[in-house]
Amino acid sequence: AQSVTQPDIHITVSEGASLELRCNYSYGATPYLFWYVQSPGQGLQLLLKYFSGDTLVQGIKGFEAEFKRSQSSFNLRKPSVHWSDAAEYFCAVGANSGNTPLVFGKGTRLSVIA
Amino acid sequence: GAGVSQTPSNKVTEKGKYVELRCDPISGHTALYWYRQSLGQGPEFLIYFQGTGAADDSGLPNDRFFAVRPEGSVSTLKIQRTERGDSAVYLCASSWGRTGHYNEQFFGPGTRLTVL
């Protein structure tokens, strides 16, 4: 069975500082991997996804993530955080077919301070 | 174009009552998913429709939960004899549902259910 672990429940960073959110997954084959962002009262928005190929993927809003098979990780990064990035971030894994449901981690809440 | 919409946005009910939550997917999307997000948790899968039929209902927690999608578009999640533990945000997502392709799931804003 698939599973996702996000070890950090809450992270606080200063505006302009770099950010890394950790995600570890468990899946028997090459997974589909995703990062979503959820702002208060909003639905989940897809930041980026990995299927295959280049292990460094670029997403929206200046985010990127790196797939490391040896570490079963898919960490999210941003070089300079903006106050508007404060939100809940979820890592998710899907089986490598087109329509299976996603398995989400418990999320990491990001706070941004001036 | 319009995204996934869910109604109501908030629902407060009493323990033991019946509730219905509605999801309007993006037009043309054949796949529809229901997830439940409890406080402090990530979304958890409940049920997935391909067209009118439930392709996977393995996430439904018990027989008090039921979902339908009679015309392959709008879906209704039905919860009987609600319990306080059912309090959560219920998320709906839809996708193109094409086989052999990745299909991005687009999420609605959710319905916050509170059972008193």
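Labels below follow one simple rule: chain letters A, B, ... track the order of the sequence lines, proteins then strands, and each chain is numbered from 1. The figures that follow rest on heavy atoms only: side chains count, while hydrogens, waters and symmetry mates do not.
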- Note on the structure: Closest non-hydrogen atoms of A/Tyr89 and A/Asp85, given as atom of the first, atom of the second and distance, are OH-O, 2.5 Å
- Task: Identify which of A/Gln45, A/Gln38, A/Gln6 forms the greatest number of heavy-atom pairs closer than 4.5 Å to chain B.
- Result: A/Gln38
- What are the two closest non-hydrogen atoms of B/Gln41 and A/Lys106, and how far apart are they? OE1-CE, 3.3 Å
- Who wins among B/Gly108, B/Ala31, B/Gly97 for the most heavy-atom pairs under 4.5 Å with chain A? B/Gly97
- Under 4.5 Å heavy-atom distance to chain A, tell me which part of B/Gln37 shows up: side chain, backbone, both or neither. side chain
- Query: With sequence neighbours left out, which residue pairs that include part of residues 37-116 of chain B fulfil the disulfide bond (SG atoms under 2.5 Å apart) condition?
  - Reply: B/Cys23-B/Cys92
- Task: Mind jotting down which residue pairs meet the side-chain hydrogen bond (donor to acceptor under 3.5 Å, both in side chains) criterion with at least one end in residues 106-116 of chain B? Sequence neighbours excluded, please.
- Result: none
- Using non-hydrogen atoms and a 4.5 Å limit, figure out which bit of B/Gln50 sits close to chain A: side chain, backbone, both or neither. side chain
- Message: Does any backbone or side-chain atom of B/Tyr35 lie under 4.5 Å from a heavy atom of chain A? Answer side chain, backbone, both or neither.
- Response: side chain
- Message: Is A/Ile9 in contact with chain B via its backbone, its side chain, both, or neither, using a 4.5 Å heavy-atom distance?
- Response: neither
- With a distance cut-off below 6.0 Å to the six-membered ring centre and an angular limit of 45° from the axis, does A/Lys78 pair with A/Phe63 as a cation-pi contact? yes
